[in-house]
Peer 1: 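Please read through the structure below; I'll follow up with questions.
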Amino acid sequence: MSRLLPPPVLSDAPLAPGLYLVATPIGNLRDITLRALDVLAACDLLLAEDTRVTGKLLSAYSIRTKLERHDEHVAERAIPAILERLEAGERVALVSDAGTPMVSDPGYRLAREAIAAGHPVFPIPGASAALAALTLAGLPTDRFLFAGFPPPKSGARKTFLEEFAATRATLIFFEGASRVDDTLADMAAVFGADRPAAVCRELTKLYETCVRGPLGELAVDPRFEAPKGEIVILVGPGEEKAASADDAEAALREAMTRLPLGEAASEVAKALGLSRKDLYRQALALKEAG
């Protein structure tokens with residue numbers, strides 16, 4: 001936004017000492033929460049991946065908090081000094097360039113060390129590209145898995161994707177614009193061309209788009225040959241595979257080591273979606289066979 005936004009009335013309640021993990025807008029500056037503004041204005045130190053990006057947010061809301069860089073290049077050597085400040089009772093806030101800190105950024109190291117040292121850590125929730133894309137994609141939302149960025153090379157990427165091929169959840173990936181078409185092609189090869197998916201870009205911004213369809217169609221869509229902006233790829237849940245006879249026998253043998261035959265058959269039937277009656281017969285046969 002080119003003009004300054006009207007500064008909201010901030011809370012004058014004292015801010016407790018500790019580390020604050022503050023979500024910031026993923027595009028539209030109006031998506032900041034009032035509580036986030038309270039923390040950004042009242043903290044003693046604000047840590048940001050890119051001080052230029054966060055500086056624009058602070059300028060828009062007339063906030064003049066001390067700002068320091070905290071990215072993957074400086075995080076390890078900066079953490080001891082930050083912990084000393086927390087020990088002294090200061091209020092330190094951490095933000096990423098956009099969205100919720102700790103999600104695909106180095107902030108988890110600082111949070112982990114602060115928790116280990118016994119300092120209070122406070123989440124300040126707000127915008128998240130992964131959740132915004134999930135609500136927009138039109139794919140199942142009752143169960144989802146955030147998988148981050150796939151590897152940049154095709155071979156490693158396919159191996160990585162194979163881990164999730166049968167996952168019964170909507171999969172959420174981040175990807176760089178320059179690799180979207182190659183990644184979609186690998187996803188179609190690993191997950192299947194008919195698997196439903198969606199590609200979201202520039203979420204909350206002027207040119208926000210969400211293209212939905214089977215992976216095979218998205219992989220050859222010319223719009224993804226050289227897209228711009230931040231990209232989120234979502235893939236619908238995989239199909240549940242029927243348990244094999246070997247799977248059923250292995251599960252039954254394990255259950256029989258700790259449960260009576262009937263309970264073992266019931267447990268395996270529920271877990272694998274098989275007939276309890278058939279499993280009980282099999283359990284009897286396994287017991288008789290020794």
Side-chain angles (χ1 to χ4, degrees), residues 1-132 146 148-149 174 203-205 230:
M1 291 185 173
S2 58
R3 64 182 178 86
L4 291 179
L5 302 172
V9 177
L10 300 181
S11 170
D12 58 2
L15 193 65
L19 175 65
Y20 291 79
L21 309 174
V22 184
T24 55
I26 58 176
N28 191 317
L29 293 186
R30 302 290 289 182
D31 288 336
I32 192 75
T33 70
L34 294 178
R35 188 178 176 213
L37 292 175
D38 289 340
V39 172
L40 297 182
C43 65
D44 300 299
L45 174 65
L46 178 55
L47 305 172
E49 277 189 281
D50 188 328
T51 56
R52 295 167 298 180
V53 172
T54 301
K56 294 177 182 178
L57 174 65
L58 299 185
S59 177
Y61 289 101
S62 302
I63 294 174
R64 296 178 176 80
T65 300
K66 181 180 180 182
L67 186 61
E68 289 185 3
R69 176 186 170 201
H70 190 82
D71 60 17
E72 60 183 1
H73 302 294
V74 304
E76 188 170 347
R77 65 176 182 269
I79 286 176
I82 297 169
L83 293 179
E84 288 181 7
R85 300 186 72 147
L86 292 172
E87 185 66 32
E90 293 193 18
R91 294 80 52 86
V92 178
L94 172 73
V95 300
S96 62
D97 283 350
T100 301
M102 314 281 286
V103 179
S104 284
D105 75 32
Y108 79 92
R109 299 175 192 166
L110 174 58
R112 179 184 60 194
E113 296 298 329
I115 292 169
H119 300 301
V121 176
F122 305 98
I124 310 299
S128 165
L131 294 182
F146 174 68
F149 284 91
F174 288 166
L203 290 168
T204 78
K205 300 177 185 177
E230 304 297 326

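All values reported here derive from a predicted model rather than from experimental measurement. Values reported hereafter were calculated over all heavy atoms of this structure, with side chains retained and with hydrogens, waters and symmetry mates removed.
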Peer 1: Does Ala41 have any side-chain contact (heavy atoms from CB on, under 4.5 Å) partners at least two apart in sequence or in another chain, and if so, which?
Peer 2: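 Leu10, Ile63.
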Peer 1: Could you report the tightest heavy-atom contact between Ser62 and Arg64, atom names first, then the distance?
Peer 2: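 Looks like O-NH1, 3.6 Å.
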Peer 1: Out of curiosity, Tyr61 OH to Arg30 CZ, how far, rounded to the nearest 0.5 Å?
Peer 2: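 If I round to the nearest 0.5 Å, the distance is 5.0 Å.
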Peer 1: With Tyr108, which residues qualify under ring-ring contact (aromatic ring centres under 6.0 Å, His included), at least two apart?
Peer 2: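 Tyr108: no ring-ring contact (aromatic ring centres under 6.0 Å, His included) contacts found.
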Peer 1: Looking only at atom types and distance, does a side-chain atom of Glu49 sit under 3.5 Å from a main-chain N or O of Asp97, one as donor and one as acceptor?
Peer 2: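 Flag set: sc Glu49 to bb Asp97 pair under 3.5 Å.
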Peer 1: Does Met102 reach the side chain of Leu21, with side-chain heavy atoms less than 4.5 Å apart?
Peer 2: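 The answer is yes, as the side chains (C-beta and beyond) meet within the 4.5 Å cut-off.
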Peer 1: Test of understanding: with side-chain contact (heavy atoms from CB on, under 4.5 Å), list the residues that count as partners of Ala81, not counting sequence neighbours.
Peer 2: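 For Ala81 there are no side-chain contact (heavy atoms from CB on, under 4.5 Å) partners, ignoring immediate neighbours.
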Peer 1: Is the shortest heavy-atom distance from the side chain of Tyr20 to the side chain of Leu15 under 4.5 Å?
Peer 2: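 Yes, at least one pair of side-chain atoms sits under 4.5 Å.
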Peer 1: Check salt bridge (charged side-chain N to carboxylate O under 4.0 Å, His left out) between Lys205 and all other residues, then give those that pass, not counting sequence neighbours.
Peer 2: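 Salt bridge (charged side-chain N to carboxylate O under 4.0 Å, His left out) check on Lys205 returns Glu202.
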Peer 1: Would you list the pairs meeting side chain to side chain donor-acceptor pair (under 3.5 Å) in which at least one residue belongs to residues 79-93, sequence neighbours left out?
Peer 2: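 Those involving residues 79-93 are Asp44-Arg91, Arg85-Glu90.
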Peer 1: Just verifying a value: how many Å separate Leu110 CG and His119 NE2, rounded to the nearest 0.5 Å?
Peer 2: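 It comes to 9.5 Å.
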Peer 1: State, to 0.1 Å, how close Pro25 and Asp31 come at their nearest heavy-atom pair, and which atoms those are.
Peer 2: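 Smallest heavy-atom distance, with atoms named: CG-C, 4.0 Å.
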Peer 1: Can you name the side-chain contact (heavy atoms from CB on, under 4.5 Å) partners of Thr100, sequence neighbours left out?
Peer 2: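 By the side-chain contact (heavy atoms from CB on, under 4.5 Å) rule, Thr100 matches Ala23, Val103, Ser128.
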Peer 1: Could you measure the distance from the CG atom of Leu86 to the CD atom of Glu113? Nearest 0.5 Å is fine.
Peer 2: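 Between atom CG of Leu86 and atom CD of Glu113 there are 11.5 Å.
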Peer 1: Report the residues that fulfil ring-ring contact (aromatic ring centres under 6.0 Å, His included) with Phe146, sequence neighbours left out, ordered by chain and then residue number.
Peer 2: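 Per chain and number, Phe146 pairs via ring-ring contact (aromatic ring centres under 6.0 Å, His included) with Phe174.
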Peer 1: Find the distance between CG (Leu47) and OG (Ser96) and round it off to the nearest 0.5 Å.
Peer 2: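 Reported to 0.5 Å precision, the distance equals 12.0 Å.
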Peer 1: State which residue, out of Val92, Leu94, Thr65, fulfils the side chain to side chain contact (heavy atoms under 4.5 Å, CB included) condition with Leu46.
Peer 2: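 That would be Thr65; it is the only one of Val92, Leu94, Thr65 passing the side chain to side chain contact (heavy atoms under 4.5 Å, CB included) with Leu46.
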Peer 1: Of all the heavy-atom pairs spanning Pro17 and Gly89, show the shortest one and how long it is.
Peer 2: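 Heavy atoms of Pro17 and Gly89 come nearest at CB-O, 3.3 Å.
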Peer 1: Who passes side chain to side chain donor-acceptor pair (under 3.5 Å) against Arg52, sequence neighbours left out?
Peer 2: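 Partners of Arg52 by the side chain to side chain donor-acceptor pair (under 3.5 Å) criterion, ordered by chain and then number, come out as Asp50.
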Peer 1: Can you list the residues that meet the salt bridge (charged side-chain N to carboxylate O under 4.0 Å, His left out) rule with Asp38, with sequence neighbours excluded?
Peer 2: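 Applying salt bridge (charged side-chain N to carboxylate O under 4.0 Å, His left out) to Asp38 gives none.
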Peer 1: Quick one: NE2 on His70 to OG1 on Thr51, what's the gap to the nearest 0.5 Å?
Peer 2: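 Rounded to the nearest 0.5 Å, the NE2-OG1 separation comes out at 13.5 Å.
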Peer 1: Take Thr54 and Thr24, measure what side chain to side chain contact (heavy atoms under 4.5 Å, CB included) needs, and give me the verdict at the end.
Peer 2: CA-CA 9 Å; Thr54 301; Thr24 55; over 6 Å; no
Peer 1: Taking side chain to side chain donor-acceptor pair (under 3.5 Å) as the definition, give me every residue that meets it alongside Arg109, ordered by chain and number, with sequence neighbours left out.
Peer 2: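 Testing Arg109 for side chain to side chain donor-acceptor pair (under 3.5 Å), a comparison that skips the adjacent residues, returns none.
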Peer 1: Can you sort out the partners of Ala36 under side-chain contact (heavy atoms from CB on, under 4.5 Å), two or more places apart, ordered by chain and number?
Peer 2: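 Expected list: Val22, Ile32, Thr33, Ile124.
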Peer 1: Between CG of Leu67 and CG of Leu45, what distance do you get to the nearest 0.5 Å?
Peer 2: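 It comes to 8.0 Å.
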Peer 1: Who are the side chain to side chain donor-acceptor pair (under 3.5 Å) partners of Asp71, not counting sequence neighbours?
Peer 2: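 Scan of Asp71 (side chain to side chain donor-acceptor pair (under 3.5 Å), adjacent residues dropped) gives Arg69.
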